[in-house]
K.L.:
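First, the structure itself, so that you have it in front of you.
Numbered from 1 within each chain, the chains take letters A, B, ... in sequence-line order.
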Protein chains: 2
Amino acid sequence: MSNEVAEEMRIGDLARRARVTPRTLRYYESLGLLQPAARRSGGFRLYDEQAVGRLERIRQLKELLGFSLGEVRQILRSEDAVQEIRARYLGTEDAGLRADLLRQAMALADAQRELVRRKLAGLQAMDDEIAERQGRIRQLLRTTGADERQG
Amino acid sequence: MSNEVAEEMRIGDLARRARVTPRTLRYYESLGLLQPAARRSGGFRLYDEQAVGRLERIRQLKELLGFSLGEVRQILRSEDAVQEIRARYLGTEDAGLRADLLRQAMALADAQRELVRRKLAGLQAMDDEIAERQGRIRQLLRTTGADERQG
DNA sequence: GTATACATTGACGCTTGCGTCAAGGTTACT
DNA sequence: AGTAACCTTGACGCAAGCGTCAATGTATAC
């Protein structure tokens, strides 16, 4: 009940917050996807609020973009590197270095956006196909004179 | 070399066309996802051109929408039912029946579109997040005076 | 001190989605 | 007839992604 520090969570707390199981969290740790912020003297894992966001990121990469957990790990490592870039950026006054660090971050964002865009395009094509199909169905419904009057 | 019938394919031919393996095709058959059009006297599976489209459909549902093969089977069965609806539609002059059949087809298309829409929304949110991140990076690049002059 | 609910580690189990292998048959070409 | 490339079925193997269990430790409340 220390008010000035972020409340730390045990594994069950985080699991409930993120809607996964403790087993999943231990598994992700073993894969290098998500490390606890600390361990208590009894060996309990302690997580901070950042873990919740990281799990959401993992979920996105896994479920929305279809990456395996191995691939997710690589992507997160790149993103971690960008975070480190950000810290180093703030820690230097070298404009050239700063620009380099920013370009790296931009390149990573570009690559990810490309993947998202490709997936969006495939889904959009599916949506268009279904919409066309529905247009044809509507037309046929009109010829039966059934339209919206029923149901 | 029969010009008037669609060329039938053996399993290796279809596998190459659809970029899967013969093993995958036998597996899909065992799951009820894709049946051969016929079998030759020697037991060879024969597929027709429709199989190519069906495999593309399976790929979409699996890779773009993230369904398991069991789920894909259920969805394809619904779509097959709609095909049957279409055949029955053409085979009746009962306007009321026709309207019913069309409404069933519309309902299925609605459900699928809903799924696609949900996935699109998630990916769009990811894309927006990344675009925002890139906007911030660009702003920082401007303060270093590095912009586009390099690279 | 006790009870309860949580935690720890290690390991086996299960499902999914195939890859690969063995043993043999079929087809088409030479 | 021989050969090569394809095919068949059945079955084991593998990786991924956890679920579940056993045996035990930890923390908190009573």
K.L.:
Considering residues, nucleotides and ligands other than B/R19, do more than 12 of their heavy atoms fall under 6.0 Å from its CZ?
P.N.:
no

K.L.:
Are more than 12 heavy atoms from other residues, nucleotides or ligands located less than 6.0 Å from atom CD of B/E71?
P.N.:
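Enclosed.
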
K.L.:
To the closest 0.5 Å, what do you measure between CG (B/L115) and CG (B/L65)?
P.N.:
6.5 Å

K.L.:
I want to confirm an ordering. Mapping B/R10 and B/F67 to their closest nucleotides on DNA chain C, which one lands closer to the 5' end?
P.N.:
B/F67

K.L.:
Tell me whether B/R54 contacts the main-chain N or O of B/L33 through its side chain, where contact means a donor paired with an acceptor under 3.5 Å.
P.N.:
yes

K.L.:
Please list, in numerical order, the residues of residues 51-66 of chain B that have a heavy atom closer than 4.0 Å to any atom of DNA chain C.
P.N.:
B/K62

K.L.:
Do B/L46 and B/M9 come close enough that some side-chain heavy atom pair is under 4.5 Å?
P.N.:
no

K.L.:
Would you mind reading off the distance between B/I11 atom CD1 and D/dT9 atom C1', rounded to a whole angstrom?
P.N.:
12 Å

K.L.:
Please determine whether the number of non-hydrogen atoms from other residues, nucleotides or ligands lying under 6.0 Å from atom CD of B/E84 exceeds 12.
P.N.:
no

K.L.:
Test your reading of the model: is there a side-chain donor-acceptor pair from B/R40 to the backbone of B/F44, 3.5 Å cut-off?
P.N.:
no

K.L.:
With rounding to the nearest 0.5 angstrom, report the CG to CZ distance, B/L141 to B/R138.
P.N.:
9.0 Å

K.L.:
Using a strict heavy-atom distance below 4.0 Å, which residues from residues 21-45 of chain B are in contact with DNA chain D?
P.N.:
B/R23, B/R26, B/R39, B/G43, B/F44, B/R45

